[in-house]
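Scroll down for the structure; my scribbles are underneath it.
Predicted model only: the values in this text are computed from it and were never measured.
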Amino acid sequence: MTTLKNSLKSRRVEGGLSQQDLARQAGISRQAYASLESGRSIPSTVVGLRLAQALGTKVESLFSLADQPSASLQAQLVGEGTRTESQSGGTRRMVKLIPVGGRLWARAVPDAMGARYGLVEADGVILPGARPVSEGPPQVEVRPFDQGEIQMPCLSLLGCDPAMVLLENGFRQRGIRFVWQEESSYEALAGLSRGEAHVAGCHLRDRDTGNYNVSWARRLLPFPFTLVTFSTWQQGLMVGRDNPKGISDPGHLARRDIKIANRPKGSGSRDLLDRLLDSEGIPPVQVEGYENEFQGHLDLAAAVATGIADAGVGVHAAATALGLEFLPLEDERYDLAIPNHFLDTPGVQALLDLLSAPGLGRRIEALAGYDVSGMGAPVSLN
C-alpha cells in the first residue's frame with residue numbers, strides 16, 4: 001500500500017483554523033478530517049481540492065507520496081535579492097521556505113552572505129521560470145531539500161539582534177522550526193505588516209517622547225498586536241582594537257581621516273547615528289562612508305575589524321565578538337512585536353515559553369551589553 005504524506009496540520013495551524021473549521025470547508029465531518037490529518041485515510045479528489053482551496057495552496061503542496069522525492073512548491077519570493085531566474089542570469093537561488101498564515105514565502109538567501117547563510121542554511125532552490133504577479137513579490141517554483149522539514153510547525157522572526165541565533169536550539173527541542181532573517185527594525189515591522197513573518201524585533205525610538213517601539217508599531221502594523229520585551233542592550237561606537245584613530249566621541253566621525261560603516265535606513269542604529277550627528281551639528285555629507293551600508297550588526301563589526309571602516313554604530317555584543325573596542329552611547333529596549341492572531345500558534349507559544357526560561361536569559365546575558373531582567377514582559381501600549 002502506498003503511503004501518503006500530508007502537511008495538513010502545520011498548514012491548518014498556520015492558517016489559524018481548527019479541525020472543525022477546515023472539515024466544514026471541505027464538506028466532511030470533523031472525525032473524517034481527523035483521520036485524514038493523522039494519515040489513517042486518503043482524501044477523495046474533491047475533498048483534496050477543497051482542502052487546498054481553504055488553505056490557499058495546491059493539492060500537491062498538501063499531499064505527497066512517501067516514496068517519491070519532494071514535489072516543487074509555489075511560493076512568493078521576498079527579502080534581499082528578489083531577482084527572478086531570468087534576471088539573475090540563470091543562477092539558481094537558495095531560499096528559506098516559510099509558511100505564515102496559510103501562505104508560503106520563499107525568503108532569498110543573500111548572495112553576499114554565502115559564508116553565513118550557505119547551502120546548509122537553505123531549505124530549497126528556486127527552479128527556472130519565476131513569473132511576476134500583478135502586485136507584490138514574484139511567484140516562484142521551489143524544490144525543497146526536505147519536504148518533511150517544511151511541514152514542521154514554524155516560527156519566522158525578522159529583526160537585527162544577533163542574539164537570535166541562541167533561540168534555535170530551544171525551538172528545535174520543542175519541535176518548532178525557527179527561521180530568523182536579519183532586517184532593520186523598520187523593515188522587520190514592514191515585513192510583519194505584509195504577513196511575511198510571525199514576529200518582528202525592533203528598537204526604534206520615538207523622537208518626540210523618547211519611548212521605544214510602541215508608536216512605530218502602531219504606525220506600521222494594520223492589526224492588533226502585542227509587544228514583548230526581549231532585552232535592553234547597549235549601542236555605541238565600535239572602533240578598531242586599541243582604537244588606533246583615537247576616536248572618543250561622535251564629533252570625531254566628521255574628521256577627514258575617519259571612514260565609517262553604516263546600517264541601512266530604517267534601522268535603530270542608523271537613527272541613533274543621525275541623532276548624534278544632528279546634536280553635533282554635523283551634516284551626513286561631511287561623514288566619510290556614511291552611504292556604505294551593512295545589513296547586520298555583525299556585518300558592520302566585520303567591516304571595522306577588517307579595516308574597511310574605522311568606526312560604526314552597533315551593539316556591544318557585536319563589537320566584543322570581533323575583538324573591537326566599544327564606546328557606549330545609549331541603552332535601548334529591544335522588543336518583539338507579535339500579531340494577536342498568531343498568539344495561540346505553536347511557534348509563538350514556544351517563543352513565549354523560551355523567554356520565560358532562565359537558561360536563555362543566562363546565555364544572552366553572557367554576551368556583552370545585554371540586560372535581560374525584563375525578558376518576556378509585555379510592554380504597555382497605553
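- Applying the ring-ring contact (aromatic ring centres under 6.0 Å, His included) test to every pair with at least one member in residues 233-268, sequence neighbours left out, gives these pairs: His203-Trp233, Trp233-His297, Trp233-Tyr334.
- Applying the salt bridge (Lys or Arg N to Asp or Glu O under 4.0 Å) definition to pairs two or more places apart or across chains, those involving residues 234-251 are Lys245-Asp310.
- For the residue pair Thr226 and Asn340, a side-chain donor N or O sits within less than 3.5 Å of a side-chain acceptor on the partner.
- Residues Gln25 and Arg50 bring no donor and acceptor atom of their side chains to less than 3.5 Å of each other.
- Screening residues 15-24 for salt bridge (Lys or Arg N to Asp or Glu O under 4.0 Å), with sequence neighbours left out, gives Asp21-Arg24.
- A salt bridge links Arg12 and Glu37; the closest N-O separation between the charged side-chain nitrogens and carboxylate oxygens is under 4.0 Å.
- The side-chain contact (heavy atoms from CB on, under 4.5 Å) test applied to Leu166 returns Leu360, Arg363, Ile364, Leu367, not counting sequence neighbours.
- A search for salt bridge (Lys or Arg N to Asp or Glu O under 4.0 Å) contacts involving Arg333 returns Asp335, not counting sequence neighbours.
- Pairs passing the salt bridge (Lys or Arg N to Asp or Glu O under 4.0 Å) check and including a residue from residues 278-289, sequence neighbours excluded, do not occur.
- Sorted by first and then second residue, the salt bridge (Lys or Arg N to Asp or Glu O under 4.0 Å) pairs with a member in residues 266-277 read Arg207-Asp271, Arg270-Glu293, Asp271-Arg275, Arg275-Glu330; sequence neighbours excluded.
- Through direct or indirect side-chain contacts shorter than 4.5 Å among Ile, Leu, Val, Met, Phe, Trp and Tyr, Ile247 is connected to Leu237, Val239, Leu253, Ile258, Ile260, Leu272, Leu273, Leu276, Leu277, Ile282, Val287, Tyr290, Val313, Leu327, Leu329.
- Legend: residues meeting salt bridge (Lys or Arg N to Asp or Glu O under 4.0 Å) with Arg174, ordered by chain and number and at least two apart, are Asp353.
- With sequence neighbours excluded, no residue forms a salt bridge (Lys or Arg N to Asp or Glu O under 4.0 Å) with Glu187.
- Residue pairs satisfying the ring-ring contact (aromatic ring centres under 6.0 Å, His included) criterion with at least one member in residues 307-330, sequence neighbours excluded, are listed as follows: His316-Phe326.
- Residues satisfying the side-chain contact (heavy atoms from CB on, under 4.5 Å) criterion with Val165, sequence neighbours excluded, are Trp180.
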